[in-house]
Number of protein chains: 2
Amino acid sequence: MAEGKLQREVKKKRPFDSAEQEALLNVVRTGDRLQIHFTRLFREHELTPSQYNVLRILRGEGRPMECMEIAERTVAVVPGITGLIDRLEKAGLVTRQQSQEDRRVYLVTITACGLALLAGLDEPVLALHRKLLGHLTQSELEQLIRLLEKARSPWEDAD
Amino acid sequence: MAEGKLQREVKKKRPFDSAEQEALLNVVRTGDRLQIHFTRLFREHELTPSQYNVLRILRGEGRPMECMEIAERTVAVVPGITGLIDRLEKAGLVTRQQSQEDRRVYLVTITACGLALLAGLDEPVLALHRKLLGHLTQSELEQLIRLLEKARSPWEDAD
DNA sequence: CTCAATTAGTTTACACATCAACTATCGGCG
DNA sequence: CGCCGATAGTTGATGTGTAAACTAATTGAG
């Protein structure tokens with residue numbers, strides 16, 4: 001247990017400066033690696049991870065949403081949403097129309113085509129979850145979730 | 001313990017489809033949030049995280065390195081390295097010169113200016129590690145490291 | 001009511017990741 | 001020797017994230 005695998009992976013000569021650093025690099029690297037697999041899966045369906053996330057949010061909410069709302073629930077910042085919606089609209093997966101109540105806001109709605117695309121991805125996405133983390137026991141998954149939530153707790157809400 | 005914080009954060013109506021999914025989203029989200037803080041720190045010194053990583057690799061190795069070697073130790077793929085090195089060279093932090101043995105390869109060397117920049121960042125980086133994960137006990141950090149290594153183990157080497 | 005502050009969203013500029021295509025060089029085989 | 005495949009690196013196109021400046025519309029204080 002003395003030297004972790006990440007240490008060998010990045011071929012560092014000396015040990016990590018601290019356990020915090022080793023844990024932090026492990027989290028970041030694992031997150032990257034996880035995302036890569038989903039990126040590949042989505043690409044087979046001409047989607048990027050960001051686009052998939054937006055579609056999932058729209059389906060989950062089940063109603064037209066403002067750009068601001070969407071931005072709040074993704075990593076993306078408001079300006080990035082514009083181009084994202086542009087491309088989704090061009091692909092026919094969402095529609096955008098000006099709100100009548102407040103003409104500053106544009107409401108984004110997922111189309112039947114978008115819903116069908118998501119439906120076709122549900123099973124592969126679940127299968128990929130199992131493939132990537134299925135070798136951990138339920139107890140280990142719970143431990144991992146608990147530790148990560150505790151890690152984020154001081155800086156996730158107010159920073 | 002029943003419902004995790006991430007579930008509330010993303011305001012999902014229903015629980016996660018599986019513990020694998022919840023753990024996966026937790027890893028990805030935590031990794032993103034961690035990176036954001038370092039991005040801000042590096043930006044104060046006119047560096048991006050990718051640029052910082054390349055400089056750290058060069059300092060750690062202590063010798064001129066080929067682009068291929070650098071690419072292997074970062075998330076970046078070879079084509080991305082080109083522009084990265086371009087910008088570092090323009091900033092005077094590295095130099096690039098054609099190898100004499102094999103004129104296909106270009107050797108990248110960190111400059112004294114680059115080393116000085118890194119030296120000034122060492123303490124703030126360590127401090128940020130402590131700030132972000134210092135509230136976890138040593139035992140928790142070790143657990144987290146162990147779980148993440150186990151998570152990656154099936155797909156990190158050969159995939 | 002009117003004007004200033006606020007808010008939603010877009011545009012622009014830059015850094016980066018990815019893929020495909022290209023150039024230059026090396027190495028080996030005939 | 002000369003050509004052909006392999007390799008190192010670059011370039012270009014597309015998508016995304018970030019920040020700053022901008023437009024359009026709403027709100028609120030005087």
>> Does C:dC16 have its OP1 or OP2 closer than 4.0 Å to a side-chain nitrogen or oxygen of B:Gln51?
In response: yes
>> Distance check needed: C:dG9 C1' versus A:Glu89 CD, whole Å only.
In response: 14 Å
>> I want to verify a distance call: between D:dT26, D:dG9, C:dA17, whose nearest atom is closest to the A:Asp102 side chain?
In response: D:dT26
> Should B:Arg152 and A:Asp32 be marked as a salt bridge (charged side-chain N to carboxylate O under 4.0 Å, His left out) after you check the CA-CA gap, both sets of side-chain angles, and the distance that decides it?
Replying inline: CA-CA 11 Å; B:Arg152 283 202 315 279; A:Asp32 278 343; over 6 Å; no
>> Tell me the interatomic distance from A:Arg43, atom CZ, to C:dA20, atom C1', rounded to whole angstroms.
In response: 12 Å
> Would A:Glu69 and A:Arg63 pass as an ion pair if we require N to O under 4.0 Å?
Replying inline: yes
> Tell me: CG of A:Leu88 to P of D:dG15, nearest whole Å?
Replying inline: 11 Å
> Where the side chain of A:Arg103 is defined as all heavy atoms beyond and including C-beta, which of D:dA6, C:dT11, D:dA25 is the nearest nucleotide?
Replying inline: D:dA25
> Reckon A:Thr82 touches a base, only the sugar-phosphate, or nothing at all at heavy-atom distances under 4.0 Å?
Replying inline: base
>> Counting the atoms with a prime plus P, OP1 and OP2 as sugar-phosphate, which does A:Leu84 contact under 4.0 Å by heavy atoms, base, sugar-phosphate, or nothing?
In response: sugar-phosphate
> How would you label the contact of A:Val78 with the nucleic acid (heavy atoms, under 4.0 Å): base, sugar-phosphate, or nothing?
Replying inline: base
> Mapping B:Leu47 and B:Arg104 onto DNA chain C by nearest heavy atom, which one lands closer to the 5' end?
Replying inline: B:Leu47
> Closer than 4.0 Å, any side-chain N/O of A:Arg87 to the OP1 or OP2 of D:dT16?
Replying inline: yes
>> On DNA chain D, compare the nucleotides closest to B:Met68 and A:Gly80; which residue's is nearer the 5' end?
In response: B:Met68
> Which residue, B:Leu107 or A:Lys90, contacts DNA chain D at a nucleotide closer to its 5' end, judged by nearest heavy atom?
Replying inline: B:Leu107
> With respect to the phosphate group of D:dG15, does any side-chain polar atom (N or O) of A:Ser50 fall under 4.0 Å of OP1 or OP2?
Replying inline: no
> Does the side chain of B:Arg104 reach to within under 4.5 Å of the side chain of B:Gln98, using non-hydrogen atoms?
Replying inline: no
> What bend angle does the helix from C:dC1-D:dG30 to C:dG30-D:dC1 show across its length, from five-pair end axes and to the nearest 10 degrees?
Replying inline: 10°
> Is A:Thr48 touching bases, backbone alone, or none of the nucleic acid, heavy atoms closer than 4.0 Å?
Replying inline: sugar-phosphate
>> Is the shortest side-chain heavy-atom distance between A:Ile85 and A:Tyr106 below 4.5 Å?
In response: no
> C:dA8 P sits how many Å from A:Met65 CE, rounded?
Replying inline: 14 Å
>> Mind checking if A:Pro79 touches a base, just sugar-phosphate, or nothing, with heavy atoms under 4.0 Å?
In response: base
> B:Asp86 has an atom CG; how far is it from atom P of C:dC16, in whole Å?
Replying inline: 11 Å
>> Does A:Val105 reach a base, just sugar-phosphate, or nothing at all? Heavy atoms under 4.0 Å.
In response: sugar-phosphate
> Can you find a heavy atom in the side chain of A:Leu128 that is under 4.5 Å from one in the side chain of A:Lys131?
Replying inline: yes
> What is the distance, rounded to the nearest whole Å, between atom CZ of B:Phe38 and atom C1' of D:dT18?
Replying inline: 19 Å
> Quick one: B:Asn53 CG to C:dA15 C1', roughly how many Å, whole number?
Replying inline: 14 Å
>> With ring-ring contact (aromatic ring centres under 6.0 Å, His included) as the criterion, how do B:His129 and B:Phe38 come out once you've worked through the C-alpha distance, each side chain's angles and the decisive distance to 0.1 Å?
In response: CA-CA 9 Å; B:His129 285 145; B:Phe38 285 92; 5.3 Å; yes
>> Expressed as a whole number of angstroms, how long is the span from B:Leu55:CG to C:dA15:C1'?
In response: 15 Å
> What are the two closest heavy atoms between A:Arg130 and B:Glu20, and how far apart are they?
Replying inline: CA-CG, 4.5 Å
>> Let me confirm one number: the CD-CD1 distance from B:Gln21 to A:Ile145, rounded to the nearest 0.5 Å.
In response: 10.0 Å
> Nearest of C:dT25, C:dC16, D:dT10 to any side-chain atom of B:Arg96?
Replying inline: D:dT10
